[in-house]
Amino acid sequence: MSEPAKTPASNFVRQIIERDLADGKHSVIKTRFPPEPNGYLHIGHAKSICLNFGIAEDYQGGCNLRFDDTNPEKEDQHYVESIQRDVSWLGFHWDGAVRYSSDYFDQLHGYAVELIEKGLAYVDFLNAEQMREYRGTLTQPGRNSPHRDTTVARNMALFQQMRDGQFKEGECCLRAKIDMASPIICMRDPVIYRIKFAEHHQTGDKWCIYPMYDFTHCISDALEGITHSLCTLEFQDNRALYDWVLDNISIPCHPRQYEFSRLNLEYTVMSKRKLNTLVQEGFVSGWEDPRMPTIAGLRRRGYTPSAIREFCRRIGVTKQDNVVEMAALESCIRDELNETAPRAMAVLDPVKVVIDNYPTGVLEQIESPRHPNKPELGSRTLPFGRELWIEREDFREEANKHFKRLVLGGEVRLRNGYVIKAERVDKDADGTISCIYCSYEPESLGRDLPDGRKVRGVIHWVETTTAVAAHFNLYDRLFSVANPGAEDDFRTVINPQSLVVQQGFAEPSLASAVASEPYQFERQGYFCRDCSNEQALVFNRTVALRDTWAKLADKA
RNA sequence: UGGGGUGUCGCCAAGCGGUAAGGCAGCGGAUUCUGAUUCCGCCAUUCCCAGGUUCGAAUCCUGGCACCCCAGCCA
């Protein structure tokens, strides 16, 4: 696109950064994107990615990619690979090597020992249920664990035994000694290390104790010299613990955490747990199913990195809860593809047309522009002959004035071709139209009718002997309600029409279409070839064209 | 009912005491060999509510109300 790059929208995070820069608090900005490798990235992550990497770019700073991998049971190397692929595909570059929280396990362990030495952490033997009871409730303070006053020396020995694998999972854990009466629940002596005899995708079997998020994240940020640690709203309470940890260990750096609201999109779900359910239970073909709100799904659907970035720019960054309409996303990809996608013709639900007065056995080649408003995109050749496929819904035996397509006895323009007139039809035994017989106006190619008569409608078509058979995957919203997450069981509101497969024909130039190359099938929408099938010609509909006619209640 | 947050057009979202940006959606109309695109025009006397301060308030104060998050050895 030739338009000047859109300026990034300012937001409260950027204002904080600009202030910190102006005050001299920081001279270089450092952010990080810290996913847990327990699933694929989705459009909500794209918001965070655009924020973190966008800030690094715009303020000449850096952004780390760090896998927050402190729970080996839920994580997998496959996800760390998919995440790197998706971040790169979105067009961002992380600063230096990929980082892992697990890179810091030794240091984290050292800081845990420091807390124990300072009398600020203890090994507790309460089981999960007891710990919940001791924690109190939202309105009642908690009570101290009977193990809270164990001596430093004893705690040191116990923690060493935990590390040495001398306790069973769940038998004990390490807790920070803060305040069981704190109104902030996560400050009531939070667990900071627990026992897990699990193989870790990065550290193998080196450890049987793993640090918790709240203990790990702040220290990892500090170790990496992060200046602004940006996360979502649900971590607002955790900020107190983030600061407590850094204030109580000997570490020179204290990053500041700021929270913004996560993205919610209508008619889909955004939690990894729910997306995982859709994959595991076969409601979709996988994380890359084009109906998924994942980056990989959107990519296969035909979305581009720039359209996703533009979407993130448009929605902004605030602390307000939000539910963005699907139309906002769709408008981003339409705006881009309208400029970049070459036009082509494909008939998704074909019915045959025979032009009685067109010579048999003749094929003429019609040179047609690839883009109506961009001659620089060149042209392609369209074969035209006596028999064509047109869209079944583009013909009616009779219709009122609103129907601008082919009607018995009426005329219509074949896109890039001649004007034809429907004369009669053949029908199957069940009444289905099997063939439409037409006549054509030989003087109408590339010009108006000789007598100045106006033809109101234009329909697309393909010539039968040269057309290539193709499958078209027509995608629609995955759920039939705007907020599926609010249902008792979101699986019950999956849209049964979320994928409709049609068999039709495409113009010959499409036989060599490659995945990732977009097309506009005129009057239908934007499509791209599916990447999963090299042999068969399969197209995914990225998004339909805007259709104001379909919205009219009184259409023909 | 403890603590932490948020309330500006149907949906996002600017605004930071000087008299309500923009985008999406919608609605008119023009152009059009895509019912697309493009183009022109319309779309918050009002900012959750009620008081107060001020020459002046969406912005400051007081009091309400609504919604979201927190009681994992998840992140």
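Each chain gets a letter, A, B and so on, in the order the sequences are listed, and its residues count up from 1.
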With the criterion being N/O to N/O and under 3.5 Å, what pairs connect the protein with nucleotides 25-32 of chain B, and how long is each?
residue, atom, partner, partner atom, Å
B:G26, OP1, A:Lys551, NZ, 2.2

Residues [X] and [Y]: side-chain donor-acceptor under 3.5 angstrom:
X        : Y        : value
A:Ser261 : A:Asp321 : no
A:Ser82  : A:Asp86  : no
A:Ser331 : A:Arg314 : yes
A:Gln257 : A:Glu259 : yes

Any donor-acceptor N/O pair under 3.5 Å between [N] base and [X] side chain:
X        : N     : answer
A:Gln15  : B:C16 : yes
A:Gln520 : B:U34 : yes
A:Arg456 : B:G35 : no

Next on the checklist: Need the glycosidic conformation of B:G72: syn if within 90° of 0, anti if not. Which one?
Outcome noted: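 Syn, which is what one calls it when the glycosidic angle falls within 90° of 0.
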I'd like a list of close polar pairs between nucleotides 64-69 of chain B and the protein, N/O only, cut-off under 3.5 Å.
residue, atom, partner, partner atom, Å
B:C68, O4', A:Asp321, OD2, 3.3
B:C68, O2', A:Asp321, OD2, 3.4

Pairwise [atom1] distance for [N] and [M], with rounding to whole Å:
N     : M     : atom1 : answer
B:U19 : B:G35 : C1'   : 44 Å
B:C68 : B:C61 : P     : 26 Å
B:U59 : B:U53 : P     : 15 Å
B:A25 : B:U37 : P     : 9 Å
B:C9  : B:C24 : C1'   : 12 Å
B:G23 : B:G18 : C1'   : 27 Å
B:A66 : B:U8  : C1'   : 16 Å
B:A58 : B:A20 : C1'   : 8 Å

Identified pairing partner of [N], criterion: Watson-Crick or G-U wobble below 3.5 Å:
N     : value
B:C73 : none
B:A66 : B:U6
B:C42 : B:G26

From [options], pick the nucleotide closest to the side chain of [X]?
X        : options             : value
A:Val458 : B:C33, B:C74, B:G2  : B:C33
A:Pro372 : B:G15, B:U34, B:G7  : B:U34
A:Thr318 : B:G3, B:A13, B:G4   : B:A13
A:Asn338 : B:U37, B:C74, B:C12 : B:U37
A:Thr139 : B:A75, B:G4, B:U1   : B:U1
A:Leu545 : B:U6, B:A36, B:C70  : B:A36
A:Val191 : B:C73, B:C74, B:U6  : B:C73
A:Pro183 : B:U34, B:G3, B:A75  : B:G3

Between [N] ([atom2]) and [X] ([atom1]): distance, integer Å:
X        : N     : atom1 : atom2 : result
A:Asn38  : B:G72 : CG    : P     : 20 Å
A:Asn322 : B:G7  : CG    : C1'   : 13 Å
A:Ile184 : B:G2  : CD1   : P     : 15 Å
A:Met345 : B:C33 : CE    : P     : 16 Å
A:Ile420 : B:C33 : CD1   : P     : 18 Å
A:Phe67  : B:A75 : CZ    : P     : 16 Å
A:Lys319 : B:C12 : NZ    : C1'   : 18 Å
A:His460 : B:U34 : NE2   : P     : 13 Å

Any base atoms under 4.0 Å from [X], or only sugar-phosphate, or nothing? Heavy atoms, all strands.
X        : value
A:Arg175 : nothing
A:Leu126 : base
A:Ser261 : nothing
A:Val323 : sugar-phosphate
A:Met212 : sugar-phosphate

OP1 or OP2 of [N] under 4.0 Å from side-chain N/O of [X]:
X        : N     : value
A:Lys196 : B:C74 : yes
A:Arg194 : B:A75 : yes
A:Arg343 : B:C33 : no

Next on the checklist: Working to the nearest 0.5 angstrom, can you tell me the gap between A:Lys272 NZ and A:Thr277 OG1?
Outcome noted: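 Answer rounded to 0.5 Å: 14.0 Å.
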Next on the checklist: Given A:Arg256, which partner from the list A:Asp243, A:Asp221, A:Asp20 fulfils the salt bridge (Lys or Arg N to Asp or Glu O under 4.0 Å) test?
Outcome noted: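 In the set A:Asp243, A:Asp221, A:Asp20, the residue that makes a salt bridge (Lys or Arg N to Asp or Glu O under 4.0 Å) with A:Arg256 is A:Asp243.
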Checklist entry - So which one's nearest nucleotide on RNA chain B is more toward 5', A:Arg132 or A:Pro34? => result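 Closer to the 5' end of RNA chain B: A:Arg132.
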Checklist entry - Mapping A:Leu445 and A:Ile315 to their closest nucleotides on RNA chain B, which lands nearer the 5' end? => result A:Ile315
Next on the checklist: Whether A:Asp448 and A:Arg453 form a salt bridge (side-chain N of Lys/Arg under 4.0 Å from carboxylate O of Asp/Glu) is what I want to check.
Outcome noted: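 Looking at A:Arg453 and A:Asp448, the cut-off is not met.
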Item to check | Residue list, side-chain hydrogen bond (donor to acceptor under 3.5 Å, both in side chains) with A:Ser509, at least two apart or on another chain | outcome: A:Glu507
Is the backbone N or O of [Y] less than 3.5 Å from a side-chain atom of [X], with the two atoms forming a donor-acceptor pair by type?
X        : Y        : answer
A:His200 : A:Asp69  : yes
A:Glu336 : A:Ala307 : yes
A:Glu391 : A:Asp349 : yes

Item to check | Flag side-chain contact, heavy atom, 4.5 Å: A:Glu441 against A:Glu411 | outcome: no
Item to check | Verdict with reasoning, A:Lys74 to A:Glu36, per salt bridge (Lys or Arg N to Asp or Glu O under 4.0 Å) | outcome: CA-CA 9 Å; A:Lys74 290 187 172 177; A:Glu36 182 185 16; over 6 Å; no
Checklist entry - Do A:Arg143 and A:Tyr134 meet the cation-pi criteria used here (NZ or CZ under 6.0 Å from the six-membered ring centre, within 45° of the axis)? => result yes
Checklist entry - Has A:Tyr213 got its ring stacked on the base of B:A75, with centres under 5.5 Å and planes less than 30° apart? => result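 The ring of A:Tyr213 is not stacked on B:A75.
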